[in-house]
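What follows is a set of notes on a single structure, which appears directly below.
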Amino acid sequence: MAAVLEGFQPIFGEAKAERDLSHSLPLHPFLFYVYAVDPLHLRVVVSDFRSHTFDSVRTIQDLEDLRDRSGIGGSWSEFVDYLEASMLSNNVKLVFQSLPNSLGPADAKLVAHKSKGMPLISVSLSRLVESSAGDAMASLSLQLFKAYKDKKSQFVSEQEISYTLSKNLAGEKEKVVSLHQQLDALRFSSKRKQLNTNASDKVFVDSVVCLDTVPSSDGQQSSVAEKTSMQQGLKSLNVQKPVVSAHRRAKVRGAKLQDPEDKVA
């Protein structure tokens, strides 16, 4: 695959300025902008939007040399991915390389790395003055505003999608609740039918038991009724005819056979 910058997305960020002891000028926050001018050129612009503005344009060959110096192996696309990740990290610094003159330092270097211990990406920058600096700041500001508009439009679109998904989710939840209610109603109806069926079976069994105690066609009762009647008859006989002891019966019979006259004689 040919080494090109096609598809390279613009990168915005803040660079932490560093200075040596000989640089006593106050430093303000710096913003940087990295973008592909065309598939064969990469431009880096750094500015504090006051009096310090720097830029650098690098060709594909310059980037290949940077790749060799940093010791980053792998394919060209892997190097570009690492370059993007380094510029998007919080490890981007602006280092001044020369003593300041009346206008400030003449050049600087943008240094970045993906994380601690990873290879450094270092890009040398030259100072811009007068109209060149103004054009660079204007370009940075305009592109930053466009990026903001794109992010805002993307955010609004995602909000609309989120709202639609939330609305659909609420509708699905209502359907689930309705289905649960219908299921509960079916369960209750099924349980009620089962209870009614059990009650009907009990009534039928009780009816059969009652029919067993009803007299049959020939006038006879069931065995249970017969036993009850016999027990009641035995109790009645016991009450009507009490049992008399043998001794008492003999004494009564002897009294009846003795003649009163024989007793006198």
My understanding is that only residues two or more places apart in sequence, or in another chain, count here; which of them pass salt bridge (charged side-chain N to carboxylate O under 4.0 Å, His left out) with [X]?
X: K173; value: none
X: R50; value: none
X: K93; value: E18
X: R67; value: E64

Student check: side-chain heavy atoms of [X] and [Y] closer than 4.5 Å:
X: K146; Y: Q143; answer: yes
X: F49; Y: L140; answer: yes
X: E84; Y: I11; answer: yes
X: L94; Y: L125; answer: yes
X: S89; Y: H113; answer: no

If you link ILVMFWY side chains whenever their heavy atoms are less than 4.5 Å apart, which other residues fall into the same cluster as [X]? By chain and number, please.
X: L142; answer: none
X: L165; answer: I161
X: V177; answer: none

Over 60° means perpendicular and under 30° means parallel, so classify the ring planes of F54 and F30, tilted if in between.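 Tilted: the ring planes of F30 and F54 meet at 30° to 60°.
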L88 and L110: same hydrophobic cluster, using ILVMFWY side-chain contacts below 4.5 Å?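 Yes; tracing contacts between hydrophobic side chains, which count when under 4.5 Å, links both residues.
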Co-membership, hydrophobic cluster, residues M137 and L144, 4.5 Å side-chain: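 In one cluster with M137: L144, yes.
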Tell me whether N168 at atom CG has more than 12 heavy atoms from other residues, nucleotides or ligands lying less than 6.0 Å away.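 Yes - once you tally the heavy atoms of other residues, nucleotides and ligands closer than 6.0 Å, there are more than 12.
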Drop me the distance from [X]'s [atom1] to [Y]'s [atom2], to the nearest 0.5 angstrom.
X: L63; Y: F79; atom1: CG; atom2: CZ; result: 5.5 Å
X: D48; Y: L31; atom1: CG; atom2: CG; result: 9.0 Å
X: T164; Y: L169; atom1: OG1; atom2: CG; result: 12.5 Å
X: R192; Y: S190; atom1: CZ; atom2: OG; result: 12.5 Å
X: F8; Y: D81; atom1: CZ; atom2: CG; result: 10.0 Å

Before you tell me yes or no, could you show the steps for Y82 and S70 under side-chain contact (heavy atoms from CB on, under 4.5 Å), namely the whole-Å CA-CA distance, both residues' side-chain angles and the distance that decides it to 0.1 Å? CA-CA 11 Å; Y82 182 80; S70 61; over 6 Å; no
If we ignore hydrogens and angles and just use 3.5 Å, is the side chain of [X] paired with the main-chain N or O of [Y] as donor and acceptor?
X: D65; Y: D62; answer: no
X: S139; Y: D135; answer: no
X: S166; Y: S162; answer: yes

Checking F12 now: which residues fulfil ring pair (Phe, Tyr, Trp, His ring centres under 6.0 Å) with it, not counting sequence neighbours?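 Ring pair (Phe, Tyr, Trp, His ring centres under 6.0 Å) list for F12, sorted by chain: Y33.
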I'd like to check the side-chain contact (heavy atoms from CB on, under 4.5 Å) partners of F155; sequence neighbours left out, ordered by chain and number.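 With neighbours one apart ignored, the set is Q159.
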How close do [X] and [Y] get, heavy atom to heavy atom, and via which atoms?
X: V92; Y: A112; value: CG2-CB, 3.9 Å
X: I60; Y: V4; value: CD1-CA, 4.0 Å
X: L128; Y: A136; value: CD1-CB, 3.6 Å

Pairwise salt bridge (Lys or Arg N to Asp or Glu O under 4.0 Å) hits with a residue in residues 158-171, at least two apart: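 Those involving residues 158-171 do not exist here.
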Throw together a table of side-chain donor-acceptor distances under 3.5 angstrom for residues 114-123, partners on residues two or more places apart or in other chains.
none

Under a plain distance cut-off of 3.5 Å, with no hydrogens placed, do D150 and Q154 share a side-chain donor-acceptor pair?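 No, no side-chain donor-acceptor pair sits under 3.5 Å.
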Is it the case that the side chains of S189 and R187 hold a donor-acceptor pair, with the cut-off being a distance below 3.5 Å and no angle test?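 Their side chains do not contain a donor-acceptor pair, so the 3.5 Å distance test is not met.
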Step by step, would you call R127 with S132 a side-chain contact (heavy atoms from CB on, under 4.5 Å)? CA-CA 9 Å; R127 183 184 180 91; S132 298; over 6 Å; no
Only distances under 3.5 Å count here; give the side-chain donor-acceptor pairs of residues 34-46 to other protein atoms, sequence neighbours excluded, each with its distance to 0.1 Å.
unit_1: Y35; atom_1: OH; unit_2: R43; atom_2: NH1; d: 3.1
unit_1: D38; atom_1: OD1; unit_2: L40; atom_2: N; d: 2.8
unit_1: D38; atom_1: OD1; unit_2: H41; atom_2: N; d: 2.9
unit_1: D38; atom_1: OD1; unit_2: H41; atom_2: ND1; d: 2.9
unit_1: D38; atom_1: OD2; unit_2: H41; atom_2: ND1; d: 3.3
unit_1: R43; atom_1: NE; unit_2: D55; atom_2: OD2; d: 3.3
unit_1: R43; atom_1: NH2; unit_2: D55; atom_2: OD2; d: 3.1

